Amino acid sequence: MQKHSCQNCKIRSVAEEFLSPEEFIKLEANSAVVDFKKGDVIIRQKALSLNVVYLRTGLVKIHMQGPSKEKILRLVKAPSYLGIPTTFGDKINNYSVTALTDTTVCFIDASFFKMLTYGNGKFAYEIIIDLCKNELFDQQRHINQEQKQIPGRVAETLICMSEMLFSNSTFSLPLSRVELADLVGTSRESLSRILSQFSCEQLIKMNGSEIQILNKERLEMISQKG
DNA sequence: GCATTAACCACAG
DNA sequence: CTGTGGTTAATGC
């Protein structure tokens with residue numbers, strides 16, 4: 001186990017700004033830093049949940065095995081808490097979290113994390129803010145996926161990745177085609193076709209996992225009208 | 001009916 | 001693993 005100091009941590013969460021020195025000492029005693037490699041499962045669906053995770057560095061996918069196929073719910077980049085809903089809301093994890101890059105996380109004992117929220121309103125408030133933002137984001141994406149056609153969903157996903165994840169019009173897809181399809185909510189084949197279609201129309205440039213957005217305006221139009 | 005959309009299958013690189 | 005072509009089912013005009 002890595003040695004760590006929570007109070008001196010350079011990537012503390014917003015909520016942690018409201019912790020007292022005593023709480024930091026307790027947090028330190030109730031948490032552990034762990035490194036994961038790309039592809040490692042950090043939180044496993046159907047496993048007992050005994051901790052909350054704080055993603056310190058790296059990128060992960062939150063995904064869920066549905067009745068028929070796998071669904072990627074959301075990509076999350078550090079820093080962020082992971083697994084709060086499933087730890088507070090159920091004993092058993094409702095979803096998995098898998099590393100898309102090498103990552104460093106902090107496991108925090110669930111009952112201790114609950115104690116923190118009982119005793120520190122400002123800490124809890126920041127956690128709630130975070131959860132609410134995520135819920136709004138999920139609702140928005142859910143309704144978009146429900147009501148847009150596949151080109152619109154793909155365009156939206158590409159723009160979202162470019163803006164929210166990489167802040168760059170050129171980026172390296174952290175997902176395979178199958179995973180991207182699971183994120184967009186379509187088949188691998190349909191996704192593949194849409195991408196090559198976008199590429200033909202000079203909306204994007206693509207080789208392998210490298211994507212460059214060439215015509216964002218047009219992509220946004222496609223995203224809008226679904 | 002006819003056109004469009006998207007999933008499923010098969011196969012090739 | 002990924003791209004493409006053919007086929008099929010559902011939906012809308």
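Nothing here was measured: the structure is a model prediction, and the numbers come from that model. Proteins come first, then strands; the chains are lettered A, B, ... in the order of their sequence lines, and each starts at number 1.
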Trainee: Would one find a side-chain N or O of A:Ser190 under 4.0 angstrom from OP1 or OP2 of B:dA7?
Mentor: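 For B:dA7, OP1 or OP2 has a side-chain N or O of A:Ser190 closer than 4.0 Å.
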Trainee: Contact between A:Pro174 and A:Phe166 at the side-chain level, heavy atoms closer than 4.5 Å - yes or no?
Mentor: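 Yes. Closest side-chain heavy atoms under 4.5 Å.
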Trainee: Among residues 192-208 of chain A, which ones have heavy-atom contacts with DNA chain C below 4.0 Å?
Mentor: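 DNA chain C contact set from residues 192-208 of chain A: A:Ser192, A:Arg193, A:Ser196.
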Trainee: Does one side chain, of A:Asn120 or A:Glu23, offer a donor that lies under 3.5 Å from an acceptor on the other?
Mentor: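 A pair is found: one side chain offers a donor N or O, the other an acceptor, under 3.5 Å apart.
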Trainee: What about A:Glu189, does its side chain sit under 3.5 Å from the base of B:dC8 through a donor-acceptor pair?
Mentor: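 No pair found.
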Trainee: Assess the pair A:Phe123 and A:Phe113: is the distance between their ring centroids shorter than 6.0 Å?
Mentor: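 Yes: the rings meet the under 6.0 Å criterion.
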Trainee: Reading DNA chain C 5' to 3', which nucleotide is the first, and which the last, to come under 4.0 Å of any heavy atom in chain A?
Mentor: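 The footprint of chain A covers C:dT2 to C:dG6.
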Trainee: Using only side-chain N and O atoms of A:Thr186, determine if any of them is under 4.0 Å from OP1 or OP2 of B:dA7.
Mentor: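 Looking at the OP1 and OP2 atoms of B:dA7, one of them is under 4.0 Å from a side-chain N or O of A:Thr186.
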Trainee: Whole Å only: how far is the CD1 atom of A:Ile150 from the C1' atom of B:dA6?
Mentor: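 These atoms are roughly 6 Å apart.
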Trainee: Quick check on DNA chain B: between A:Arg188 and A:Gly185, whose nearest nucleotide comes earlier from the 5' end?
Mentor: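 It is A:Gly185 whose nearest nucleotide is closer to the 5' end.
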Trainee: Decide whether A:Glu135 and A:Gln139 meet the rule of one side-chain donor and one side-chain acceptor closer than 3.5 Å.
Mentor: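 Distance-only check passes for A:Glu135 and A:Gln139.
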Trainee: Given atom CZ of A:Arg153 and atom P of B:dA7, what is their separation to the nearest angstrom?
Mentor: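 Taking CZ of A:Arg153 and P of B:dA7, I get 7 Å after rounding.
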Trainee: What I want to check is whether the side chains of A:Ser13 and A:Tyr54 have a donor and an acceptor closer together than 3.5 Å.
Mentor: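 Per modelled atom types, A:Ser13 and A:Tyr54 side chains form no pair under 3.5 Å.
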Trainee: Does a side chain donor of either A:Thr87 or A:Ser49 reach within less than 3.5 Å of an acceptor in the other side chain?
Mentor: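 Side-chain D/A pair, A:Thr87 to A:Ser49: present.
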Trainee: Using the rule that Ile, Leu, Val, Met, Phe, Trp and Tyr join whenever any side-chain heavy atoms are under 4.5 Å apart, tell me whether A:Leu165 and A:Phe171 fall into a single cluster.
Mentor: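 Both belong to a single hydrophobic cluster.
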Trainee: Calculate the interatomic distance between A:Gln147 atom CD and B:dA6 atom C1'; express it in whole Å.
Mentor: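 Checked: the CD to C1' distance equals 18 Å.
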Trainee: Look up atom CG in A:Leu219 and atom CD in A:Gln224, then write down how far apart they are to the nearest 0.5 Å.
Mentor: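 It comes to 11.5 Å.
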